[in-house]
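Everything on this sheet refers to the single structure shown next.
In what follows, chains are A, B, ... by sequence order, proteins preceding strands, each numbered from 1. Please read these numbers as outputs of a predicted model, since none were measured by experiment.
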Amino acid sequence: DGGITQSPKYLFRKEGQNVTLSCEQNLNHDAMYWYRQDPGQGLRLIYYSQIVNDFQKGDIAEGYSVSREKKESFPLTVTSAQKNPTAFYLCASSTLRRGLGTGELFFGEGSRLTVL
Amino acid sequence: GEDVEQSLFLSVREGDSSVINCTYTDSSSTYLYWYKQEPGAGLQLLTYIFSNMDMKQDQRLTVLLNKKDKHLSLRIADTQTGDSAIYFCAESNNAGGTSYGKLTFGQGTILTVHP
């Protein structure tokens, strides 16, 4: 079945450590996104990529990094520079080709990161 | 920039109708969406409406769009305990090529359904 797979579902990290969250999609979507969710604040865009080897900062990119070496994969690294990394992270993808949909986002199941 | 606002909480009794409201600021929004998020999970698209429509019905769901007031609502008829979740309103402006697929989300409304 086509979809988006995020791993791990739960992750614990000590302060000062970098961690990488995986996101893989087999929907043949051009665009991929990373959002951060905190209670009562909705979804905030961290980074997005519309094409391989290219990505743009979203609204809260500081302390995060991404790569897009393959169309199917868009890993997010939470670095030690991120001051408040404990959150629920959601990966999403969408088509960029008109006529194939409304541009809606398809989401993974999320990864919960807790910094100890 | 674009802004989308929702109330944070809604509590209803099982069998009643639920109405979740949303306001947005981008007058050039082309699509407006309602997503549902169950605890510990990702978001699932419930329904969407194109900006040139004022109503869309899909089984128990009715979406109303007042473009003049930039107000969107989601009505769930005969609400069930399984409808308890967070509901997100989102908008996109797909008129420009580079913005296709970029959505702006509201804060989410936590719907609690009591037996």
Side-chain angles (χ1 to χ4, degrees), chain A residues 3-10 21 23 25 27 29-51 54-60 87-114, chain B residues 1-9 20 22-24 26 28-53 56 58 63 65 85-110:
Chain A
I4 301 178
T5 302
Q6 288 188 240
S7 62
K9 191 164 177 64
Y10 299 97
L21 308 180
C23 179
Q25 55 100 357
L27 299 167
H29 283 168
D30 298 297
M32 297 185 74
Y33 310 79
W34 275 104
Y35 286 89
R36 171 181 170 138
Q37 184 178 15
D38 297 281
Q41 293 195 50
L43 274 65
R44 292 184 288 169
L45 183 63
I46 305 172
Y47 268 98
Y48 67 100
S49 168
Q50 295 182 319
I51 194 169
D54 189 43
F55 46 83
Q56 283 78 42
K57 292 181 180 180
D59 301 318
I60 55 163
F88 190 54
Y89 291 89
L90 286 159
C91 180
S93 70
S94 72
T95 182
L96 291 178
R97 284 175 285 170
R98 300 179 194 285
L100 292 183
T102 70
E104 73 264 28
L105 298 181
F106 295 79
F107 284 86
E109 289 293 293
S111 294
R112 184 166 296 282
L113 171 64
T114 303
Chain B
E2 302 89 357
D3 194 21
V4 178
E5 297 282 338
Q6 299 176 240
S7 53
L8 290 183
F9 302 99
I20 303 171
C22 170
T23 57
Y24 60 98
D26 186 357
S28 56
S29 294
T30 50
Y31 284 99
L32 294 123
Y33 308 85
W34 284 104
Y35 281 85
K36 177 182 180 182
Q37 184 183 35
E38 301 197 356
L43 277 67
Q44 292 182 303
L45 181 67
L46 274 181
T47 187
Y48 66 91
I49 188 167
F50 190 52
S51 58
N52 69 352
M53 299 168 64
K56 180 178 181 181
D58 184 0
V63 179
L65 175 60
I86 304 177
Y87 290 80
F88 289 93
C89 169
E91 64 88 25
S92 69
N93 177 350
N94 292 337
T98 58
S99 64
Y100 198 74
K102 280 188 66 183
L103 274 61
T104 301
F105 287 86
Q107 308 94 313
T109 299
I110 299 173

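- Only the side chain of B:Q37 has a heavy atom closer than 4.5 Å to any heavy atom of chain A.
- For B:Y33 and B:F88, the distance between ring centers is not under 6.0 angstrom.
- Proximity to chain A is limited to the side chain of B:L45, based on heavy atoms less than 4.5 angstrom apart.
- With a 4.5 angstrom heavy-atom cutoff, A:Q6 does not touch chain B via any of its atoms.
- Not counting sequence neighbours, A:Q41 has no partner by the side-chain hydrogen bond (donor to acceptor under 3.5 Å, both in side chains) test.
- Side-chain N or O atoms of B:Q6 include one that pairs as donor or acceptor with a backbone N or O of B:Y87 at under 3.5 Å.
- We find that B:D58 and B:K56 are not joined by a salt bridge, their nearest charged nitrogen and carboxylate oxygen being 4.0 Å or further apart.
- Of the atoms belonging to B:Y35, it is side-chain heavy atoms, and not backbone ones, that fall under 4.5 Å from chain A.
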